[in-house]
Each structure stands twice: as C-alpha cells, then as structure tokens.
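For the numbers below, each heavy atom of this structure counts, side chains included, while hydrogens, waters and symmetry mates do not.
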Amino acid sequence: MPEQAADDGHVLEFRLPDLGEGLADGDLVSWAVAVGDTVELNQTIAEVETAKAVVALPSPFSGVVVELLAQPGDTVPVGAPLIRVRNDLEVTAPPTADHVTRNDVLVGYGPEAESTSRRRRSTPAAAMASSTPSTHRAAATPAARKLAKELGIDLWFVAGSGPEGAVTVEDVRSAVPLTAPRTPARAGETAPAPVDGHSGDADGGLIEPTAREHRTPVTGIRKRTAAAMQASSRTIPQASTFVTVDCTATMELLDHLRTTTSFEGLTLTPLALVAKAALAAIAEYPGINAAWDEQNQEIVTKHYVNLGIAVAAERGLLVPNLKEAQSLSLRELCREISWSAETARSGNATPADLRGGTFTITNVGVFGVDTGVPLVNPGEAAILCLGSIRKRPWVFRDELAVRWVTTLGLSFDHRMVDGELGARFLATTAGFLEDPLTLLSRV
C-alpha cells in the first residue's frame, strides 16, 4: 500500500510507489513541500530520479505536511515511507493498483498505450503546470539540479528566475553565499586540511572546492548506467566488426532532400539515413534484432524494431527508442529522432520512451571520433556505432578521389549473433549507404 494511517486515524503516510519500471529504488532529487505546508490532492510533492527519468510524484491525498522522511540525495527503496500528511477532514484511501484511471497515474507515467503517440502527448513539465497549484515551487532545470546537488544547496530555498519561475543555474550560483549548508565531517573522519589557499571553518564546516580534485556522487542515471554496463561486460560475450564506407552518395542525397518541401522545417542528418539503412538491413537479417531469454534458454527474435538512439544528456547517457521504427518513413524517422533527442536532453523523457528497445544506434561521429566499440545494451543483441563522416582520399572507379567516408562498427552478443550474421548485417547496412537510392526504393 502506498500509505497507511497512524494511530489517530488522520496522519497518512505516503510511500515510494512502484514506478512501473521494475526498479527497486529511486533517488530523491528535491522536495516541493515543507513541514507545515498544506498540500492538495495530486499536487506535486517531490521529484525522484530513476534509471529512466526524473519523475514528479503527486500527493494521493490532501492535508498538512507533518514530517518529511527522506532528504534530497537519499536513495529510497520502493515501498519505503517518504512523507506524512495530516488530514483532519477525512481519511480517503487512494485508488488501488486495480482501480487506477488515466488521471491517477504519476506525472510522466501515462499508460503504455499512450507511448506510441508522443507528438500529441504533453510533457511532464506541461502536466505539472496544468495540475499543480500556484503555491507549488516551480521545477528546476536539470543543470540547476545537478549544480545544487554538487554544492549541497536545498532548491526549496532558491528563488527561480527562469520560465514559469523555474530555478536556473545562475539562480543556484547566486544562492551559494546564502543557502550553502554546513557539512560536518562524518564519524571517524577529519575535516580536510587547507589546500591551495582555501580553508575550512574552525568547527569542521564547509570546505571550499579546490582545483586539484572534484568529487561527483554517482546517482540516478549514471549509477544505473554503470550497473547496466557492468552487467553487459560481465554477462554478455561480445564481439565486434567494422566496415569503412564511401557514403558520398548518401551525403549528396541528403543535400538534395534538404531543398525539398517534404523535409522543410526538419533537421535532416546522416543519422536518419543510417537508421533507415539499419532498419532495412534488419528486415533482411532479423536475427540481429533479438533478445536472450536466460530462464527459458531461448533466443527471442523480434519482428518489430524499437530503435534506440543513444543521447548524451547532462544527467548521463539516455537511450530513448522509437517504437515500431520499422514502419516509419525517412521523413518520420528524421522527425522522431530529433524529437527524442530533444526530449531526452531536456529531462522530459518518460520511462515509456526509454524502455523496451530492441536495437540501438550510437553516434560518436558528432564528437569527431572515427569509430568506437560500444557495449551491447542488456536485453538486446547488437548495437551499431556511427563514426565521423569526413572527406578522405578514396579509390573510386580505379582513380584516387576525395570522397565522403565513414566507419561503421557493430558490437553483438555472440550467444545469438555469430560472425557471419554480424558481418552480413553490417555489409548490407554499408551497401545501402553507398547506394541510398536502393534504400529509398524500400520506403
């Protein structure tokens, strides 16, 4: 149960609910209420960061806050108590899991069926704005939350100057002299000695950061990403293969398509065409789009593609996936890739956007890197890496010429994908990029 009544029958306890992701805990980012505040039904009371997203938790009842049972930065297990609220009017049990309606779900956790209509779905921020009373403290930007956590600043006491009162990075920086808490040393530890002219308080208080070291707590996305990558390296026997591709025809096609009305207003990048090529190759080699069922000792080949696009966000690496990507046209792929990347970077990606991927593409070329050896995401069979696209000397029609060239890399789970399948899939993807007109004939 998400809450229980105290002995007086009027104090209700809200526990961290199961967020529907199969996760055991979440990190408390910030409180939107304080002891003594009056909260309304469905008012946002806190933000919790999971491996998938930052989630706004709505209150399942109204009343006056009497106790906060966790502090920002704490990792809270599912089912652990978060807050106690006194309701002097009546004690009304919120709907059980069997009676949850569309309006009862957590902010940003709409029904799974809605996840395929992302363009018509409001963002978590929009949902908060429409359902939260004006007394609710506006949310902070992801960058502001990260900086506040590093500096030990409680965002509740920081006035926001951003859109709709959101706390910005500059707001956090300006609040440092006023709200930075004193942090005594832990038991058994001594306060750090002065370094490079910086000093601490005589009573072991806050020590100013030095230029020699900086420590960042591993929480939220980064903590879960680290765990997933450790599991990937430990449990998946991985192999990789590479191919260098003359993609001049692809670049010429992209230049042409950008001038057409069909792609007007869209950001058409090589990644969209690489995604289309990979989807066409998956159609020829569906074994690359599979999962390993350890319990039943079966390979599950999937005849749909939820295409993951790795995004480097401020909170860490996120991989939103495009549902049923095999049915999308190049124009739709272009739009969906842009939308997913923007949503992930802004912190508005929901668990429905981030879970259920079947095949992933990571683009290291945007960082000027020629290639890479990515780790396979647990639950998938392979991941495709796109390197930088550069003009290079190339033998074309028996003559040396300057051509657009890139390198593709494929890492795969060798339990499901052998070397032949991996090589054939990669060569086919490269072939579509060398002659993209054959790819467009499949649209």
Would you check, one step at a time, whether the test side-chain contact (heavy atoms from CB on, under 4.5 Å) holds for Cys247 with Val405? CA-CA 6 Å; Cys247 56; Val405 177; 5.8 Å; no

Closest approach of Cys385 to Gly372 (non-hydrogen atoms, all atoms of both residues): SG-N, 3.7 Å

Run the numbers on Thr343 and Asn348 for side-chain hydrogen bond (donor to acceptor under 3.5 Å, both in side chains), then give the verdict. CA-CA 5 Å; Thr343 303; Asn348 290 327; over 6 Å; no

Would you say that more than 12 heavy atoms from the other residues, nucleotides or ligands in this model lie under 6.0 Å from the CD of Gln297, or not? yes

The criterion is side-chain contact (heavy atoms from CB on, under 4.5 Å); which residues satisfy it with Pro286, sequence neighbours excluded? Thr301

Taking only residues at least two apart or on different chains, which pairs with a member in residues 412-426 satisfy side-chain hydrogen bond (donor to acceptor under 3.5 Å, both in side chains)?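 Pairs touching residues 412-426 that pass the test: Asp413-Arg415, Glu420-Arg424.
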
Quick one, Thr360 with Asn377, criterion side-chain hydrogen bond (donor to acceptor under 3.5 Å, both in side chains). Give me CA distance, side-chain angles, the key distance, then yes/no. CA-CA 8 Å; Thr360 296; Asn377 289 321; 3.0 Å; yes

For the residue pair [X] and [Y], establish whether any side-chain heavy-atom pair is separated by less than 4.5 Å.
| X | Y | answer |
| --- | --- | --- |
| Ser340 | Val311 | no |
| Asp27 | Val29 | no |
| Leu254 | Pro270 | yes |
| Ile45 | Phe14 | yes |

Does the pair Arg392/Asp370 count as a salt bridge with the N-to-O cut at 4.0 Å? yes

Distance-only polar pair, side chains of Ser329 and Arg331, donor-acceptor under 3.5 Å: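 Arg331 and Ser329 do not have a side-chain donor-acceptor pair below 3.5 Å.
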
From the list Val417, Ile288, Val376, side-chain contact (heavy atoms from CB on, under 4.5 Å) with Leu410 holds only for Ile288

How would you list all residue pairs meeting ring pair (Phe, Tyr, Trp, His ring centres under 6.0 Å) that involve residues 344-365, not counting sequence neighbours?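 Found Phe359-Phe425.
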
Begin with the C-alpha distance, continue with both residues' side-chain angles, and end with the deciding distance and a verdict on side-chain hydrogen bond (donor to acceptor under 3.5 Å, both in side chains) for Ser411 and Ser240. CA-CA 4 Å; Ser411 294; Ser240 298; 2.9 Å; yes

Before giving the answer on side-chain hydrogen bond (donor to acceptor under 3.5 Å, both in side chains), spell out for Thr235 and Glu294 the whole-Å C-alpha distance, their side-chain angles and the decisive distance to 0.1 Å. CA-CA 11 Å; Thr235 64; Glu294 180 67 28; over 6 Å; no

